[in-house]
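The structure appears right after this line, and notes come after that.
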2 protein chains.
Amino acid sequence: MTRKPKANLEDIARETGVSKMTVSRVLRGGSGFSDDTRTRVLQVAERLGYIPNRLAAAFGADQASTLVGICVPRLTSGLFAHVLDGVDRALTRLGYQVMIGCNNHSSEDEEAWLRQLISWRPAGVILSGRHHSPGTVDLLRNAGMPVVEIWELTTTPIDMAVGFSHFDCGAEMGQFLIRRGRRRIGVVGAMAGQDEMGRARRDGVERALAQAGHPVAAAELLLDTPGFYAGYYGLETLLSRAPGLDAVYFHNDEMAIGGLAYAQARGLRVPEDLAIAGWGGMEAASVLPLRLTTTVVPTTAIGKQAAEGLVARLRGEPVQDVVAVPTRLVPGQTV
Amino acid sequence: MTRKPKANLEDIARETGVSKMTVSRVLRGGSGFSDDTRTRVLQVAERLGYIPNRLAAAFGADQASTLVGICVPRLTSGLFAHVLDGVDRALTRLGYQVMIGCNNHSSEDEEAWLRQLISWRPAGVILSGRHHSPGTVDLLRNAGMPVVEIWELTTTPIDMAVGFSHFDCGAEMGQFLIRRGRRRIGVVGAMAGQDEMGRARRDGVERALAQAGHPVAAAELLLDTPGFYAGYYGLETLLSRAPGLDAVYFHNDEMAIGGLAYAQARGLRVPEDLAIAGWGGMEAASVLPLRLTTTVVPTTAIGKQAAEGLVARLRGEPVQDVVAVPTRLVPGQTV
DNA sequence: TGCCGCAAGTTTACCGGTAACGTAGCCAAA
DNA sequence: TTTGGCTACGTTACCGGTAAACTTGCGGCA
């Protein structure tokens with residue numbers, strides 16, 4: 001194993017007969033050299049198979065990093081995968097590299113990851129959610145780099161924020177269920193006590209229903225990660241405890257689809273006997289035999305805007321601190 | 001914006017009254033210092049909020065990088081999300097950081113990403129697939145770092161490989177369909193000409209069917225990314241061209257579920273009129289009203305093993321070059 | 001008493017790139 | 001002829017950590 005790539009600036013300089021600095025300027029596309037020099041340097045670089053050393057660049061000139069970190073609650077969620085994709089595409093296009101992290105809905109994990117990230121002296125960081133440990137906030141304030149908080153909106157961002165209100169998503173769906181004549185409405189949640197944003201949606205639906213005079217009839221709060229199984233068994237448990245519900249609001253679409261599967265397995269007619277509402281807008285939701293009633297979230301756009309905002313700030317361009325992206329309640333066939 | 005974290009080794013050294021080098025040894029947990037010195041150094045480091053500079057460490061001692069790159073074909077695929085999760089968990093636990101990339105099923109994109117990655121002088125890299133551009137192979141050979149090729153198995157890895165045979169997946173499902181009495185079998189593919197591994201599965205099923213004397217009756221090869229919609233419309237197109245099929249093998253589970261939705265929308269009985277087979281083993285497949293017949297792939301395990309193999313090699317431990325992970329054909333209710 | 005060996009440090013020399021600054025050569029305007 | 005400005009470079013210092021070599025103090029032992 002021959003560590004260390006063969007060529008560095010000095011090798012090119014020696015071979016070309018100019019100084020290191022001239023080579024550096026040519027390769028970074030600056031100015032202060034003749035066309036002839038440029039051509040010769042590029043030829044030699046090509047011939048020696050030169051690969052720049054960003055480690056040295058970022059280290060020496062301590063503002064030149066092109067590294068951006070992004071931390072999401074779970075990597076296996078389809079929604080966050082799209083956020084990640086939006087971030088990655090935008091940053092790649094702009095010449096940045098992406099370091100990922102997963103906080104498992106835990107502030108401590110987030111802080112631990114952030115500490116590792118900062119040890120690489122990145123150009124900026126994208127976090128999910130608006131609740132962070134005091135240590136995290138401290139680290140970020142001292143690091144003095146752009147920070148974008150995504151997913152859940154906050155009006156007082158550490159630096160910038162791109163997202164929407166989970167509470168409003170829940171409230172809107174609650175009002176919708178009421179308008180459609182539902183009165184005995186249940187809720188199936190997941191990751192009890194861990195997912196702040198899922199809780200915000202439940203709070204939203206609770207508030208809306210209470211205000212309409214038909215408070216939540218029953219709630220089943222699972223500890224599991226929100227998946228199809230959890231939705232299936234969550235609804236089973238909920239209905240066994242509270243038969244006669246006429247609607248259920250699920251933590252997300254995956255669980256709602258699982259719930260739908262259970263309802264059908266039990267011979268319940270959807271939406272006549274039971275209405276089912278999800279959240280998130282996963283693609284599967286719209287090709288089911290029954291199109292799911294859900295709230296569509298612009299995942300990729302959030303990632304893209306977070307990345308672009310971060311880079312704009314790095315470049316000193318004017319940036320909007322808080323960007324609210326619109327979510328859309330899509331009435332399907334399950335309510 | 002106050003770039004640059006406050007404290008470095010020298011600050012701690014000055015404050016503690018020892019040399020930089022002693023501080024370095026204490027913080028990295030070496031030896032050659034008294035307990036008293038250790039305690040004082042740690043206290044001062046804590047007080048000054050010291051955060052190590054991995055940039056400097058990796059730069060100065062060019063084997064100290066804890067950066068690992070992983071490149072997958074698509075970030076939005078549920079399967080790769082699980083691979084990524086497996087990689088991330090394992091590497092985080094082992095003290096490494098993860099840089100991601102997405103090659104969009106294109107060798108050029110992969111090479112471009114790899115070039116960026118190498119400019120960070122990473123400790124190792126994980127790539128998907130076994131087909132790479134000559135430039136990629138060159139870069140990897142010169143970089144002299146561990147390389148793991150995942151997902152599609154190869155017997156001649158650049159360095160290491162963890163995966164399975166896509167061809168065999170297809171062949172196994174082909175034989176299964178034949179055993180279940182299917183004779184007019186169609187195929188719906190996606191990402192025509194781009195996804196080598198999807199093609200390998202199609203090749204596998206074709207071979208199996210041909211050997212059984214009932215070659216593929218019709219194939220619809222879409223250009224789209226493999227999702228629910230593509231499955232829905234892919235089956236529609238296929239059946240309009242080749243009515244009377246009694247089974248269809250889909251590119252993956254998402255498409256199979258889309259196809260299932262179409263079949264039900266058309267009033268086709270599954271599996272009586274039409275059998276549907278998927279590939280991948282997404283969770284949704286097993287809670288549908290009809291459990292999907294599919295091949296389950298150990299995604300997370302692949303990521304985990306790739307990461308652990310890479311680190312083992314970095315540590316100079318003995319490693320198995322080629323690890324074949326088992327896939328499992330799960331007979332559901334759709335065949 | 002003198003020597004040895006070890007623990008506990010210190011000193012020095014880098015790593016590869018970039019910023020800041022220096023300078024030689026040339027041309028044009030004064 | 002001098003001066004000033006510009007182009008096209010060269011030189012130096014430095015970033016923060018680490019490896020390796022070197023030093024110092026001290027206890028043990030012949």
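All values reported here derive from a predicted model rather than from experimental measurement. Numbers restart at 1 for each chain; the letters A, B, ... are given by sequence-line order, proteins then strands.
Within the 4.0 Å cut-off from OP1 or OP2 of dG17(D), at least one side-chain nitrogen or oxygen of Y50(B) is found. For the OP1/OP2 pair of dA19(D) and a distance below 4.0 Å, the side-chain nitrogens and oxygens of R28(B) include at least one atom meeting the criterion. Listed pair S31(B) / dA7(C) fails the phosphate criterion, with no side-chain N or O lying under 4.0 Å from OP1 or OP2. Between T22(B) and dT10(C) there is a side-chain N or O to OP1 or OP2 distance below 4.0 Å. Between N8(B) and dG16(D) there is a side-chain N or O to OP1 or OP2 distance below 4.0 Å. Side-chain N/O atoms of S34(A) include none lying less than 4.0 angstrom from OP1 or OP2 on dT7(D). Within the 4.0 Å cut-off from OP1 or OP2 of dG16(D), not a single side-chain nitrogen or oxygen of S24(B) is found. Of the side-chain N and O atoms in S19(B), none sit less than 4.0 angstrom from OP1 or OP2 of dT11(C).
Stacking is not found between F33(A) and the pyrimidine-like six-membered ring of the dC9(D) base under the 5.5 Å centre-distance and 30° plane-angle cut-offs.
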- Query: Going 5' to 3' along nucleotides 22-28 of chain C, which nucleotides have protein heavy atoms under 4.0 Å from the base (write B), which only from the sugar-phosphate (write S), and which from neither (write -)?
  - Reply: -------
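Not a single donor-acceptor pair, N or O on each side, falls under 3.5 Å between the base of dG10(D) and the side chain of K20(A). The base of dG10(D) sits within donor-acceptor range of the side chain of R25(A), with an N or O pair under 3.5 Å.
In this structure, the nucleotide among dA19(D), dG17(D), dG17(C) sitting nearest to the side chain of M21(B) is dA19(D).
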